[in-house]
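Written out below as structure tokens is the structure these notes cover.
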2 protein chains.
Amino acid sequence: MTDARPNPSQEKSGSDPSGDETEIHGSRSSAVDDLVNHIRALISEGGLKVGDSLPTEKELCERFHAGRNTVREAMRILKTYGVVKVRPKVGAVIIDERMARALDLFAFNTLEVSRDTFVDIQGFRSLLEVASFELLFDRIKPRDIADLHRINKELLTAELAIDASEVDFRFHTRLIEVIGNKAILDVYKIMKPVILKIMIKAKTLHTFSTVTYSEHAEILDTLEARDRTAYQYKMKTHLDAGFKHFEDRK
Amino acid sequence: MTDARPNPSQEKSGSDPSGDETEIHGSRSSAVDDLVNHIRALISEGGLKVGDSLPTEKELCERFHAGRNTVREAMRILKTYGVVKVRPKVGAVIIDERMARALDLFAFNTLEVSRDTFVDIQGFRSLLEVASFELLFDRIKPRDIADLHRINKELLTAELAIDASEVDFRFHTRLIEVIGNKAILDVYKIMKPVILKIMIKAKTLHTFSTVTYSEHAEILDTLEARDRTAYQYKMKTHLDAGFKHFEDRK
DNA sequence: CCATTCCTATTTGTTGGACAATTGATGAAT
DNA sequence: ATTCATCAATTGTCCAACAAATAGGAATGG
């Protein structure tokens, strides 16, 4: 509104100066980022669920005093996040494919995962799988251990290293599952592509069916025996072993 | 190529009909998606590494016969993926922030958090701040402790509960920073909105400047004294205390 | 009355152009 | 030589136009 535009050019919307949006990243507020926050607020405050539609581009332009390209860039972000799906004429409908999109990120082969990322991820794993031993021993049930044994056996029948790495990851995921914390599990799943790369880089098919298999078995033994100290040692060694190939190469 | 443009208006690039791009998602090829693939190819075939620069928008327009807005939407996707960082005048530089971006995806549903999520997040915090004590004691420096003291003192001068909660969060974030793991720090930052809600719900301004302040101070004492057992106890108690209001209300 | 086909209006997709904002680089003044 | 102002290049935002896709209604035929 207030269409009185002194300069017929384009009055920088300026968006409300009261724009104290949460500023998720460090980056200073841009019109597009503001718009993303506004639309997010629109979704959450409007109680919109998966399947519901968003206003059209034009309506968003008017409501937030933004140009259509700005709206489109904001929608492009939401599309990339897997939060909305846009089709011509029908508009933008809310979806939830964030997890799939998160995994896509690393299938994005353009970039080799940087060494720093490897180090950080492996450190994170160490924290989640070694330092969480208290929670683990509190909650683990015989059924969990049986599952883990079953998964571990699949390592012996895998025919490709990539399949074996999937099994390896499933083993560790199943272990994380025992903790019973969805946030932790989600974060672990997000790291999957990087973890798989670490595994593939460090192991051959033969390694999976021998070293990895027996290390897993030993870890399960420590769990069955309720030996916390041994568990921490075995798990830490197991993770570090898979990682040393990256430490070497300066 | 084939610059013979019959209609001077805007000949839809049409992109080469031989466009067997990889089609990352199911969606049919659009000009923007094609462009993303082209830029990806540019990066991988050009052997571009983190820190290298991409061509300017105008050059990309000319090279791929696309409009600038199309180029911008493609770059917006790459930015959202955390593959490039764009600054005015300097252009697009290749980065690798994919992990942070992948974790960002989950900041989207933190607006409407269920009780289960609260519990999970708090459990996650406990793991990150209590169970990580080994890493913490390995790496903490006097300078870190001094910073933490300084931040903690700000609790005494905060004039609103919301300000105090920001300081409180900053205290804990600074602690996580000591671990020196970017992935962990990113996860912690993502949980910020939820953690702030927990804090606000559990404490008043007065509580911040008394109980919280002194608990923080005691935690710092255990760090200075290198007393791991005491640290774990104090920190666990501190976190649990702030959270028990949520446990009660069924 | 119902089904099919066609048309139209609406909405998204793409392009080009204009101006503002930012910032690195250059040159002038002290 | 240093500092400051200016310049120029680049990104950020907006606008207007047209193309493409399509939902929904109108027209047509049975």
Side-chain angles (χ1 to χ4, degrees), chain A residues 1-17 19 25 27-36 38-39 53-80 84-95, chain B residues 3 5-17 19 25 27-39 53-80 84-95:
Chain A
M1 33 296 292
T2 87
D3 308 314
R5 36 189 69 168
N7 49 351
S9 53
Q10 49 263 24
E11 36 61 269
K12 221 10 232 334
S13 121
S15 65
D16 330 1
H25 313 129
S27 60
R28 202 156 33 277
S29 72
S30 75
V32 175
D33 293 334
D34 289 347
L35 203 41
V36 169
H38 279 137
I39 297 175
S53 292
L54 256 56
T56 67
E57 290 180 355
K58 189 162 56 175
E59 284 174 322
L60 291 174
C61 293
E62 291 165 359
R63 186 191 302 232
F64 299 118
H65 309 291
R68 197 157 83 92
N69 288 113
T70 306
V71 170
R72 284 186 60 77
E73 288 196 32
M75 294 301 293
R76 183 64 76 174
I77 290 177
L78 296 179
K79 268 200 281 188
T80 305
V84 303
K85 178 183 188 62
V86 178
R87 286 188 315 162
K89 172 68 181 182
V90 66
V93 298
I94 298 179
I95 60 177
Chain B
D3 309 311
R5 38 189 65 167
N7 48 352
S9 55
Q10 47 259 25
E11 40 56 275
K12 224 4 235 334
S13 122
S15 64
D16 329 1
H25 312 128
S27 61
R28 204 157 30 278
S29 76
S30 73
V32 174
D33 292 334
D34 289 348
L35 204 41
V36 169
N37 287 325
H38 279 138
I39 297 175
S53 290
L54 256 56
T56 66
E57 291 180 355
K58 189 162 58 175
E59 284 174 321
L60 291 174
C61 293
E62 292 165 359
R63 187 190 301 232
F64 299 119
H65 307 291
R68 195 158 85 93
N69 286 320
T70 306
V71 169
R72 284 188 60 77
E73 288 196 30
M75 294 301 296
R76 184 63 76 175
I77 290 177
L78 295 178
K79 265 199 283 187
T80 305
V84 303
K85 179 184 186 64
V86 179
R87 285 190 318 164
K89 170 70 180 181
V90 66
V93 180
I94 297 181
I95 59 176

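Model, not experiment: these values are computed from the prediction. In what follows, chains are A, B, ... by sequence order, proteins preceding strands, each numbered from 1.
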Whole-Å distance separating the CD atom of A/Glu59 from the P atom of C/dT12: 9 Å

Spacing of B/Leu54 atom CG relative to D/dT10 atom C1', expressed in whole Å: 14 Å

Shortest non-hydrogen contact between A/Val86 and A/Ala92, atoms and distance: CG2-CB, 3.8 Å

Minimum-distance nucleotide (side-chain atoms of A/Val32 versus D/dT13, C/dT14, D/dT11): D/dT13

Touch class at under 4.0 angstrom, heavy-atom based, for B/Arg72 against every strand present: base

Selection from C/dT23, D/dA17, D/dT13 that lies nearest to any side-chain heavy atom of A/Arg68: D/dA17

Atom-pair distance (CZ on B/Arg76; C1' on D/dT13), nearest Å: 11 Å

Among D/dT11, C/dG13, C/dT14, the one nearest B/Thr56 by side-chain distance: D/dT11

Phosphate OP1/OP2 of D/dT11: any B/Lys79 side-chain N/O under 4.0 Å: no

Heavy-atom side-chain contact between A/Arg72 and B/Asn69 under 4.5 Å: no

Length of the CG-P vector between B/Leu60 and C/dG16, whole Å: 14 Å

Interatomic distance where NZ belongs to B/Lys58 and P belongs to D/dA8 [whole Å]: 14 Å

Short side-chain N/O contact to C/dT14 OP1/OP2 from B/Thr70, under 4.0 Å: no

Side-chain heavy atoms of A/Ile39 within contact of A/Met75, under 4.5 Å: yes

Nucleotide D/dC15, atom P - distance to CD of A/Glu62 in whole Å: 11 Å

Nearest-Å distance for atom pair CD/C1', residues B/Glu57 and C/dT15: 14 Å

Among D/dT10, D/dC14, C/dT11, the one nearest A/Lys89 by side-chain distance: C/dT11

Distance, nearest 0.5 Å, that separates CG of A/Leu35 from CG of A/Leu60: 7.0 Å

Residue A/Ala66, side-chain atoms from C-beta onward, closest of D/dC14, D/dG12, C/dT12: D/dC14

Pair of N/O donor and acceptor under 3.5 Å linking C/dG16 base with B/Asn69 side chain: yes

Between D/dG12 (P) and A/Leu35 (CG): distance, integer Å: 15 Å

Atom of B/Leu78, atom of B/Val36 and distance for their closest heavy-atom approach: CD2-CG1, 4.3 Å

